[in-house]
S.K.: 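Take a look at this one; I'll ask things after.
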Amino acid sequence: MSAQSVEAIAESGHMDAAPLPDWVIPPPGGFTADDFLRMRGLPRHTELVDGGLVFVSPQRKWHVRVINLLRDELARQAPEDLCADREMTVKLGGRQAPEPDVLIVSAEAYERDEPSTYYLPEDVLLAVEAVSPDSEIRDRETKPRRYREAGIKHYWRVEEDEGRTIVYVYELEPASDAYALTGIHHDQLKVTVPFDIEIDLTAVGKRR
């Protein structure tokens with residue numbers, strides 16, 4: 001996810017334009033996930049990572065289009081007991097409440113009324129993050145570590161390299177309790193877990 005932390009905003013000088021509200025500055029030890037979910041008036045797609053608020057910066061066209069493609073294709077190809085969703089908070093517990101760009105969740109979790117603003121880690125089978133220049137460390141290191149600790153079985157990291165879309169596919173390996181890289185997909189994404197999926201990655205940005 002493309003985002004800016006409070007510290008990045010401060011360093012950019014934008015804090016001089018208007019004073020930030022008190023809730024922007026975390027308490028000692030950081031916000032908890034429950035603190036975060038009780039907050040009102042946050043900018044859209046704000047995340048909680050390691051107790052700090054992370055704010056969305058303007059998204060690139062590639063970022064929006066790859067999310068659209070993956071969400072649409074996963075929704076189309078998912079079996080009846082699973083559903084695709086996008087940009088929904090997952091309450092991992094403690095000081096973690098990230099918002100994956102795309103998710104595969106159980107149909108039961110997708111259709112229930114409450115909680116209406118977030119999923120629980122046991123609801124999520126796959127979390128997908130599309131990497132932007134300012135989210136590289138979070139999407140490559142911090143967030144997959146938090147997803148792994150929460151027991152989410154599958155993680156995809158999606159990157160752009162000179163106009164090409166590349167998907168790095170990871171699966172939770174029980175013996176080591178770590179994500180194992182099971183494939184690097186250029187142009188065509190084809191996997192059999194968490195279900196049979198085939199996506200033409202060259203379609204990113206094309207009119208359909």
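Only this structure's heavy atoms are used, side chains among them; waters, hydrogens and symmetry mates stay out.
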S.K.: Nearest 0.5 Å, please: how far is CG in Leu37 from CZ in Phe31?
M.R.: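 The CG atom of Leu37 is 12.5 Å from CZ of Phe31, to the nearest 0.5 Å.
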S.K.: Of the non-hydrogen atoms in Arg112 and Pro115, which two are nearest, and what is the gap between them?
M.R.: NE-CD, 3.6 Å
S.K.: Please confirm whether the backbone N or O of Val193 pairs with a side-chain atom of His154, one donor and one acceptor, at under 3.5 Å?
M.R.: no
S.K.: Which heavy-atom pair separates Pro26 from Gly51 by the least distance, and what is that distance?
M.R.: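 Smallest heavy-atom distance, with atoms named: CB-O, 3.8 Å.
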S.K.: Find out if a path of hydrophobic residues (ILVMFWY) with successive side-chain heavy-atom gaps under 4.5 Å connects Val167 to Val204.
M.R.: yes
S.K.: Which word best sums up how the rings of Tyr155 and Tyr147 line up, parallel for under 30°, tilted for 30 to 60°, or perpendicular for over 60°?
M.R.: tilted
S.K.: Give me the atom names and distance for the closest heavy-atom approach of Val169 to Trp156.
M.R.: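 Heavy atoms of Val169 and Trp156 come nearest at CG1-NE1, 3.6 Å.
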S.K.: Below 4.0 angstrom, N of the basic side chain to O of the carboxylate: do Asp34 and Lys91 qualify?
M.R.: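 Yes, Asp34 and Lys91 are salt-bridged.
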S.K.: Are side-chain heavy atoms of Glu159 and Arg140 found at a separation under 4.5 Å?
M.R.: yes
S.K.: Is Asp200 paired with Lys206 through a side-chain N to carboxylate O contact shorter than 4.0 Å?
M.R.: no
S.K.: Which residues satisfy the side chain to side chain contact (heavy atoms under 4.5 Å, CB included) test with Ala180, sequence neighbours excluded?
M.R.: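 Checked Ala180 against side chain to side chain contact (heavy atoms under 4.5 Å, CB included); matches are Glu173.
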S.K.: Please report the shortest heavy-atom distance between Ala127 and Ile152, naming the atom on each side.
M.R.: N-CG2, 4.3 Å
S.K.: Provide the closest heavy-atom pair for Gln96 versus Ala33 in the form atom of the first, atom of the second, distance.
M.R.: O-CB, 3.8 Å
S.K.: Give a yes-or-no answer on whether the side chains of Asp50 and Thr142 include a donor-acceptor pair shorter than 3.5 Å.
M.R.: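 No, no side-chain donor-acceptor pair sits under 3.5 Å.
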S.K.: Any donor-acceptor pair under 3.5 Å linking the side chain of Ser132 with the backbone of Ser135?
M.R.: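 Flag not set: sc Ser132 to bb Ser135 has no pair under 3.5 Å.
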S.K.: Which value, rounded to the nearest 0.5 Å, describes the distance between Arg157 atom CZ and Glu136 atom CD?
M.R.: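 It comes to 9.5 Å.
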S.K.: If the test is side chain to side chain donor-acceptor pair (under 3.5 Å), which one of Arg86, Lys143, His45 qualifies with Glu99?
M.R.: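 That would be His45.
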S.K.: Salt-bridged, Arg138 to Glu129, with N to O below 4.0 Å?
M.R.: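 No.
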